[in-house]
Every structure is written in structure tokens, then in C-alpha cells.
Amino acid sequence: MKKSYFPILIVVSVLNGFGFTLNAQNGVKSDSYFEKAELLKDTDTDSAIVLYKKSISYNRSAKDTTHLIKSLYELSNLYAHSLDYGNAYDGYWDALLLSEKINDNFARAEIYQALGWLYLFYRRDNEAIKYFNHSIQLKRELIAKDELKEYYLLSDYFSLINLFRTNGNNVMARKYIDSSVIIQKKFQTKSSYLDAEIGYQDAIDMEYDLAINRLNNAKAVFEKENPSYLIIINYLLGEVYYMMGDMITSKKYFKTSLALTEEHTNHSNYKLMDQEALALISKNAKDYKSAFLHLEAASQLDKSIFGRQSKNNQHLFEINDRYRIQKEKEKELIKEQHIANLENEEKLWTLKSWLLVVVIFSILILSFLLIRNIRRKHSLEKKSLEEKRAVELQKANEILELKNNELTSSALQLIEKEEFIKKMKDTIGKSKENLDVPAINRIISSAQGSPNSNWKEFEARFTAINQSFYKNLKDTYPSLSQTDLKLCALVKLNFSSKEMSSLLGISIESVHTSRYRLRKKLNLERNDNLTEFIASF
């Protein structure tokens with residue numbers, strides 16, 4: 001199946017399936033607000049958010065940094081599940097700065113991994129890979145010091161497996177799958193999350209029976225342990241059956257995945273992906289109405305989650321490196337404290353002079369950076385507007401194609417009706433029974449349209465859909481007659497000579513003659529394709 005521009009997102013909670021939480025490493029005891037929030041996060045998101053915020057406030061007052069980091073991390077995870085990526089981003093960075101202060105490298109690694117997912121959600125793959133690798137590097141340092149087991153690398157490998165799979169880089173995806181399998185064998189453990197990924201790769205290798213078996217086994221596990229993950233399993237099953245060409249079963253699984261997104265708050269991004277998959281299946285089945293409805297639903301979801309007017313993009317359209325900014329502020333604070341310690345010394349005036357120079361120089365640099373940032377922002381906005389226009393044009397072309405297909409179908413039905421009536425008249429005329437043939441012919445003629453009326457009905461609908469088609473042709477080739485324009489319309493819709501003959505009420509030989517004359521007026525060479533040329537207007 002054609003991959004969505006929106007990647008297959010696996011929210012951070014998936015990592016808990018491997019046993020990875022901040023609590024697992026630190027062994028801390030949570031406060032009562034936190035414990036209640038943990039119980040409610042899968043069933044009552046709003047109440048859980050309130051309780052996490054109370055836990056954060058409580059731990060700030062108590063100056064319990066370890067608990068504070070965990071509360072910020074889990075609240076950000078919950079925001080990510082609910083597609084509120086702006087608040088998730090803020091929470092992760094606050095937690096990262098705190099983990100830096102207490103030198104908690106395991107917490108830093110887990111937060112880097114979560115930030116990598118956020119960058120991946122916004123299709124910034126290079127930044128996502130960078131943060132996933134930051135996490136891997138920190139964990140390997142802990143493993144080298146014998147402070148952490150190699151088992152904890154599985155969550156990072158799983159992140160990279162998903163990234164490369166969604167980008168179609170199956171070579172790299174399999175590399176990290178193989179590394180994960182080696183670690184699992186070493187620790188004699190098993191993960192249904194990884195089995196599902198292996199099953200998808202089996203489907204890529206056209207081992208469909210094996211792929212379906214793996215995914216169904218994983219499905220049975222998640223039905224008991226993590227029902228929300230069935231959203232993803234059903235989606236992957238839909239993908240596998242699509243690869244097999246079984247559109248009916250594929251459609252069933254995509255619909256099941258879509259229905260499950262209404263029951264669970266996790267993995268809400270799959271609403272968009274399921275709608276896109278169903279639209280493609282409907283289009284292939286020539287059910288253009290359903291295809292249009294699914295595309296419209298996908299478009300609305302995309303705008304609400306990632307559009308320029310959405311809350312997420314207003315906050316994250318251009319992600320800023322707050323960590324670097326905070327570090328610079330800390331350096332400036334140290335510099336100011338150093339200056340304060342020298343105020344009573346004899347060379348205070350010299351230091352003040354240097355400070356003035358530094359301030360002026362900093363102002364100049366900041367001014368330069370500000371101007372450059374404004375220009376870059378304008379450039380990004382312009383680029384985004386161009387991309388939006390391109391997407392809108394593509395959608396308009398798709399809608400136009402659907403309408404033209406409907407028009408073609410309607411015209412073909414009209415031709416079939418005329419041919420049926422003609423055959424009926426011939427049959428009645430040959431009948432030897434005592435029939436009132438003139439009376440019957442009058443009835444048939446009343447139901448039969450004339451070629452002129454048939455053409456007028458067709459032309460009215462064609463002009464309504466392709467409003468500028470005739471104008472563009474006439475502007476380019478003023479010598480074209482009305483007959484030429486009619487022929488161009490039918491060529492654009494790829495009608496056969498027989499169908500053109502029936503709709504125009506002329507013989508097939510006349511159609512061939514008209515096509516030959518039209519090619520001459522359009523100055524086409526013998527090897528030029530008339531249909532492709534007309535389609536360009």
C-alpha cells in the first residue's frame with residue numbers, strides 16, 4: 001500500500017511493554033497523587049492530568065527532584081497519547097533539565113527517547129535519530145559501568161525499528177530487529193511488540209501466512225494485556241492483507257482499527273492513517289463516493305492535528321532548542337556572579353568596561369540572530385504556504401478526476417440505453433406477431449433521446465466540471481470549431497470511437513475523419529499522442 005505522508009506513530013507508552021519506566025531504574029516510591037493518576041490515565045485522561053499536575057506541584061514544594069522528574073515524564077506521555085504534543089514537548093524538556101542537575105543519566109536517556117518520538121511525529125527524522133542515539137549512548141555508558149543491563153536498549157531499538165519501517169528502509173529496520181532478537185535470547189525474554197514488527201517484515205518478504213500468524217498471536221496477547229495496542233495490530237493486519245490483494249479482509253481490519261480509536265485515547269493518530277487506507281481501498285474498488293468521504297475525514301484530521309492552525313503546530317511548527325538556551329542562561333548567570341565577586345577589587349572599573357563591551361557585542365549578535373531568525377521564519381512560512389497550495393491543488397485534481405469518472409460512467413450508461421432501445425425497435429420490427437408496431441415505436445421514441453439532446457445533457461455536465469477546458473483550447477487554437485471542441489471533450493474522457501459515434505450521432509468513419517482533421521488543426525506529428533495532448537488542458 002502507498003505509505004501515508006503521516007508516519008506510523010507508536011506513542012511512548014509502547015515502551016512499557018518492554019518494562020521501561022523511570023521508576024524501574026530509580027526504585028522510587030510515588031506520592032498519592034501520582035499513584036491515583038497512574039490508575040486513571042487509561043480511563044479518565046482529564047482527571048489523570050489534574051492529578052499529575054498536583055503531584056508535580058507537591059514534589060516541587062517538597063524539593064523531591066526524582067519524583068518531580070517522573071511526574072513530568074508521565075504527564076508528558078499522557079499528553080502525547082492525547083495528541084497534545086505542545087504540552088508533551090514542554091514537560092519533557094523541563095524533566096530533562098532537572099535530570100541534568102541531579103546527573104540522572106537513565107532519566108536523561110528515557111527523556112531523549114521520548115523527545116525523539118515527538119520529532120518523528122513532525123517528520124523531522126534526522127532530529128529523531130539524533131535523540132534516539134543520545135539515549136542509546138547514555139545507556140551504553142551505564143551498561144559499561146555495570147549500572148544498567150543491556151536489556152534496556154530494546155526500547156531504543158524498537159524506536160528505530162519503527163522509524164525505519166515507516167520510511168520504507170527495511171534494511172535498517174531488520175538490522176535493529178536482529179539486534180533486539182539477540183538481546184532477547186540473551187535474557188531469555190520475549191516481546192509481542194517486537195513479534196508484531198517481525199510479522200510485518202515477514203509480509204514484506206511475501207511470507208504472508210507466517211506474518212498473519214505472528215500478528216494474530218500478538219493480537220491475542222494484547223487483547224488481555226494492552227487492548228489499546230490492538231489499534232496498531234489491526235492496522236498492520238490491514239496492511240498485510242492489502243499486500244496480499246485481499247481488499248475485503250484488509251478493509252475489515254482497517255475499519256476495526258478505526259473503531260478502536262474511538263474506544264481508547266492512545267494511538268489517536270491512527271484515525272488519520274485508517275481513513276487514508278480506507279480511501280485508497282475505496283478508490284481501487286471504484287467506490288468514489290466512499291473514497292471521497294474517507295479522504296475528507298483524513299484531511300480534517302490532518303488539519304486538526306498537524307495543520308498550521310492547529311494547537312500543536314502553533315506551538316511546535318518550528319521546534320526551538322530550549323536546552324541549549326537554558327545552558328547559555330546558566331553560563332551567563334555564572335559570569336554575572338563572578339563579576340559580582342570582583343566588585344570590591346581595585347580593577348572594578350576595567351571589568352565594568354569589559355562588561356559593557358560584552359553587553360554591546362552581545363546585543364549586536366542577538367540583533368543579528370533575531371533578524372536572521374525572522375527571515376528564516378518568513379522563509380519557512382512561505383515554503384509551508386507553497387506546500388499547502390500544492391496539497392490543495394492535488395486534492396482538487398483528485399476531486400476533478402472523481403467527477404470526470406462519474407461523468408464518463410453516466411455517458412456510457414446513456415449510450416447503453418440508446419443501444420438497448422435501438423435493439424428493441426429492431427426486434428419489434430422483425431416480429432411476426434400481431435403487434436401494433438407503430439404504437440410501440442411511438443412509446444419507445446418518447447423514451448429515446450435524440451443525439452442532440454444527449455449531447456447537450458453531456459456537455460452541460462462536462463462544462464460544469466471542467467470550467468476552463470474549452471476556454472483554454474480556444475485561446476490556444478482559435479480555429480477550432482464546435483465539432484472539434486466536442487471531440488476534444490470526448491477524447492479527454494478517453495471515449496472509444498464507437499462511444500463517440502453513439503453520443504454524437506455520427507458514423508464511426510466520421511469520427512475517424514474528425515480526429516484526423518483535429519490532429520491537423522492542433523499541429524500534431526504522427527507519433528504525437530492525441531489523448532495525452534488533450535489531457536494537458
Side-chain angles (χ1 to χ4, degrees), residues 3-18 20 73 76-93 95-96 108-139 153-177 179-180 193-194 196-197 200-201 229 231-232 235-236 239 266-274 276 301-302 305-307 310-313 315-323 380 384 387:
K3 292 296 179 186
S4 167
Y5 65 88
F6 179 62
I8 301 176
L9 307 180
I10 313 295
V11 291
V12 179
S13 65
V14 143
L15 304 179
N16 291 335
F18 290 98
F20 299 110
Y73 177 83
S76 298
N77 284 351
L78 189 56
Y79 278 135
H81 296 167
S82 305
L83 306 183
D84 188 352
Y85 300 133
N87 281 322
Y89 176 82
D90 287 338
Y92 287 137
W93 276 109
L96 182 63
R108 286 174 60 203
E110 291 292 88
I111 296 165
Y112 275 137
Q113 187 179 147
L115 284 167
W117 280 106
L118 285 185
Y119 280 96
L120 178 58
F121 294 169
Y122 278 81
R123 301 182 293 281
R124 299 184 60 158
D125 293 356
N126 291 334
E127 290 88 345
I129 292 173
K130 180 181 73 175
Y131 282 103
F132 289 149
N133 285 331
H134 280 339
S135 177
I136 291 173
Q137 181 181 352
L138 286 170
K139 288 180 181 177
L153 288 173
L154 284 174
S155 63
D156 304 282
Y157 290 168
F158 185 78
S159 303
L160 289 166
I161 289 168
N162 278 276
L163 184 150
F164 289 119
R165 169 169 61 79
T166 57
N167 288 343
N169 190 343
N170 292 305
V171 173
M172 291 300 296
R174 291 175 198 223
K175 172 185 174 182
Y176 283 100
I177 286 175
S179 298
S180 299
Y193 297 95
L194 185 59
E197 294 299 322
Y200 184 83
Q201 293 301 322
Y229 202 75
I231 295 170
I232 299 170
Y235 180 87
L236 292 178
E239 288 271 345
N266 294 354
H267 318 297
S268 300
N269 48 280
Y270 275 80
K271 289 182 183 179
L272 170 61
M273 296 159 57
D274 288 323
E276 290 179 334
L301 284 168
D302 184 58
I305 298 172
F306 294 104
S310 74
K311 178 175 65 176
N312 296 325
N313 259 355
H315 191 88
L316 283 174
F317 188 72
E318 182 182 3
I319 299 179
N320 297 313
D321 190 353
R322 293 176 54 205
Y323 180 67
L380 289 172
S384 175
E387 292 175 349

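Quick note: numbers below take in every heavy atom, side chains included, and nothing from hydrogens, waters or symmetry partners.
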- Message: Test side-chain contact (heavy atoms from CB on, under 4.5 Å) on Phe132 and Tyr157; report intermediate values, then the result.
- Response: CA-CA 9 Å; Phe132 289 149; Tyr157 290 168; over 6 Å; no
Heavy-atom closest contact ([X] atom, [Y] atom, distance):
X: Ala128; Y: Leu120; value: CB-N, 3.7 Å
X: Ala80; Y: Ala88; value: N-CB, 3.9 Å
X: Leu96; Y: Ile111; value: N-CD1, 3.7 Å
X: Tyr200; Y: Leu236; value: CD1-CD2, 3.9 Å
X: Leu194; Y: Phe158; value: N-CE1, 4.3 Å

- Item | Working for side-chain contact (heavy atoms from CB on, under 4.5 Å), residues Trp93 and Leu115 | CA-CA 8 Å; Trp93 276 109; Leu115 284 167; 3.6 Å; yes
- Message: Please identify which of these residues, Gln113, Gln137, His134, meets the side-chain hydrogen bond (donor to acceptor under 3.5 Å, both in side chains) condition with Asp156.
- Response: Gln113
- Query: Would you say the side chains of Tyr112 and Asn133 form a donor-acceptor pair under 3.5 Å?
  - Reply: no
- Determine whether the side chains of Tyr193 and Glu197 contain a donor N or O and an acceptor N or O closer than 3.5 Å. no
- Given the rule in the side-chain hydrogen bond (donor to acceptor under 3.5 Å, both in side chains) test, do Glu127 and Tyr131 qualify, once you have shown the distances and angles that lead to the verdict? CA-CA 6 Å; Glu127 290 88 345; Tyr131 282 103; over 6 Å; no
- Query: Run the side-chain contact (heavy atoms from CB on, under 4.5 Å) check on Asn162 and Trp117 step by step: do they pass?
  - Reply: CA-CA 10 Å; Asn162 278 276; Trp117 280 106; 3.8 Å; yes
Nearest-0.5 Å distance that lies between atom [atom1] in [X] and atom [atom2] in [Y]:
X: Leu272; Y: Tyr270; atom1: CG; atom2: OH; answer: 11.0 Å
X: Arg174; Y: Asn169; atom1: CZ; atom2: CG; answer: 10.5 Å
X: Ile232; Y: Met273; atom1: CD1; atom2: CE; answer: 8.0 Å
X: Met172; Y: Ile129; atom1: CE; atom2: CD1; answer: 8.0 Å

- Message: Between Glu110 and Lys139, does any NZ, NE, NH1 or NH2 come within less than 4.0 Å of an OD or OE carboxylate oxygen?
- Response: yes
- Going by heavy atoms in the side chains, are Leu160 and Ile136 under 4.5 Å from each other? yes
